[in-house]
Amino acid sequence: MTTAQKTLASGPGWQVSDVVCTAAAGDRPFEEEHRGFCVAAVTRGAFRYRTRQGTAMLAPGAILLGNPGACYECGHEHGAGDRCLSFHFSPAYLERVLADLPGVKRLGFADPRLPPLPALAPLLAEAEAARETGDGDAFEELGLRMAGAVVEAATGSSKPARTPSRRDQKRVAEAVRLIELNADRPLSLTELADGAATSPYHFLRIFRHVAGMTPYQFVLRTRMHRAAVRLRASNAAISTIAFDTGFNDLSTFNRRFRREMGEAPGAYRAKRTGAG
């Protein structure tokens, strides 16, 4: 078997996998069938992809597009191996996303791929970084954002986001309060959207517009702020503070704290004594 697939995260109607192929130029092309909608970002290597929508060469930055039930073939005539970040969506999941995209009515991709697009580059970088850091919790939002962005790019329907209504602003304010009260426990995008009585995709868009960051980023920022305050104000063990503020393991907390605050938790705490 020349392809290894590792599931990074999953939820109702979606899954994201790290797919590594080690096939060489002389190997027989890989044949398979898409079981749902597939949006796969190529992060390394190049390969030929053929399906009923056509044939395309995919290189890093390109997006493979697959429709449910479509047979496809991947081959490596000009090099060995590739790696993809592969998002899979059920038809019902993608239908809910389309319902929140004005002007998009057709469910299905007409082309086999999207070329590397500047508009998608920041999102692809976020997704690849989440894979490399093992941030599985980030993929619920990333998958939803990926689905919407790729559908918009594939259909040419991208439009400026509408200014959130007063009702939407109220929804975001209520979600912020919910996060503040429950930041120390797992909070999914679906739970927050349900609490706001709106779809996850619409909720994600209005939250980003109003709060300036995604719900997941806001949850992390809230947890990090509380951890920083406790590091300065208490003598509790760093591991205790990490778990009490909602981080599920110490290594993840240490890594994120250093990235956010510019130094390790222990060094940050030491400054309360005036040292450094």
Side-chain angles (χ1 to χ4, degrees), residues 8-12 16 122-123 125-145 164 167-276:
L8 301 175
S10 64
V16 58
L123 179 55
E126 281 188 59
E128 192 168 351
R131 180 188 68 186
E132 297 306 308
T133 60
D135 190 1
D137 292 339
F139 281 111
E140 182 186 17
E141 285 187 0
L142 288 169
L144 198 57
R145 292 168 60 193
R167 184 180 181 187
D168 284 337
Q169 293 176 30
K170 181 175 182 290
R171 285 168 167 159
V172 172
E174 290 172 348
V176 166
R177 284 195 288 272
L178 180 63
I179 291 171
E180 289 177 329
L181 291 171
N182 298 277
D184 58 343
R185 67 170 179 84
L187 281 170
S188 70
L189 178 64
T190 300
E191 178 184 348
L192 293 171
D194 286 346
T198 187
S199 73
Y201 188 69
H202 180 69
F203 176 75
L204 177 59
R205 297 184 87 175
I206 63 172
F207 195 99
R208 290 181 70 197
H209 194 288
V210 174
M213 64 185 73
T214 72
Y216 180 63
Q217 290 167 343
F218 187 83
V219 169
L220 290 181
R221 187 67 56 84
T222 301
R223 290 171 178 169
M224 194 62 65
H225 172 76
R226 292 178 180 178
V229 171
R230 285 196 61 186
L231 284 168
R232 288 290 180 90
S234 79
N235 293 316
I238 292 175
S239 59
T240 298
I241 292 174
F243 295 132
D244 285 350
T245 52
F247 294 94
N248 55 17
D249 69 82
L250 186 57
S251 61
T252 297
F253 171 71
N254 287 336
R255 182 176 64 249
R256 286 187 171 143
F257 193 94
R258 183 185 293 274
R259 186 167 64 233
E260 182 77 17
M261 307 299 287
E263 57 190 343
Y268 179 83
R269 164 174 272 176
K271 287 186 175 179
R272 71 179 179 176
T273 64

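The shortest distance between side-chain heavy atoms of Glu174 and Leu178 does not fall below 4.5 Å. Residues Val219 and Arg223 meet the side-chain proximity criterion, which asks for heavy atoms closer than 4.5 Å. A heavy-atom distance below 4.5 Å is found between the side chains of Arg259 and Arg256. Within the 4.5 Å cutoff, the side chain of Ile179 has heavy atoms near those of the Phe207 side chain. Phe253 places a side-chain heavy atom less than 4.5 Å from the side chain of Ile238.
For Pro265 against Leu231, the heavy-atom pair with the smallest separation is CB-CD1, 3.9 Å. When every heavy atom of Gln169 is checked against every heavy atom of Pro164, the shortest pair comes out as NE2-O, 3.3 Å. Taking each heavy atom of Ser251 and Asp249 in turn, the nearest pair found is OG-OD1, 2.7 Å. The two atoms that bring Pro215 and Leu189 nearest to each other are CG-CD1, 3.9 Å, heavy atoms only. Pairing each heavy atom of Leu142 with each of Ala127, the nearest pair is CD1-CA, 3.9 Å. For the pair Ala175 and Leu192, the tightest heavy-atom approach, listed with the atom from each and the gap, is O-CD2, 4.4 Å.
Around atom CZ of Arg145, more than 12 heavy atoms belonging to other residues, nucleotides or ligands sit under 6.0 Å away.
Between Arg131 and Glu128, at least one side-chain N (NZ, or NE/NH1/NH2) sits under 4.0 Å from a carboxylate O, which counts as a salt bridge. The pair Glu191-Arg185 meets the salt-bridge criterion, since a charged nitrogen lies less than 4.0 angstrom from a carboxylate oxygen.
From Asp194, atom CG reaches atom CZ of Phe203 across 10.0 Å, with rounding to the nearest 0.5 Å. Note that CZ of Arg221 is 11.0 Å distant from NE2 of His225, once rounded to the nearest 0.5 Å. Put simply, OG1 on Thr222 and CG on Leu181 are 11.0 Å apart, with the number rounded to the nearest 0.5 Å. Note that CZ of Arg208 and CE of Met213 are 11.5 Å apart. Values are rounded to the nearest 0.5 Å. Considering CD of Glu140 and CG of Leu187, their distance stands at 10.5 Å, rounded to 0.5 Å. In this structure, CG in Asp135 is found 7.5 Å from CZ in Arg255, a value given to the nearest 0.5 Å.
A donor-acceptor pair under 3.5 Å is absent between the side-chain atoms of Glu126 and the main chain of Ala138, judged by distance alone. Side chain of Arg269 to backbone of Ser234: a donor-acceptor contact under 3.5 angstrom is found. Judged purely by atom type and a 3.5 angstrom limit, Glu260 has no side-chain atom pairing as donor or acceptor with the backbone of Met224.
The salt bridge (charged side-chain N to carboxylate O under 4.0 Å, His left out) analysis of residues 224-242, with sequence neighbours excluded, yields the pairs Arg230-Asp244.
Applying the side-chain hydrogen bond (donor to acceptor under 3.5 Å, both in side chains) test to Asn248 and every residue at least two apart in sequence or in another chain returns nothing. With sequence neighbours excluded, the residues that form a ring pair (Phe, Tyr, Trp, His ring centres under 6.0 Å) with Tyr268 are Phe257.
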Step by step, would you call His202 with Asp168 a side-chain contact (heavy atoms from CB on, under 4.5 Å)? CA-CA 9 Å; His202 180 69; Asp168 284 337; 3.3 Å; yes
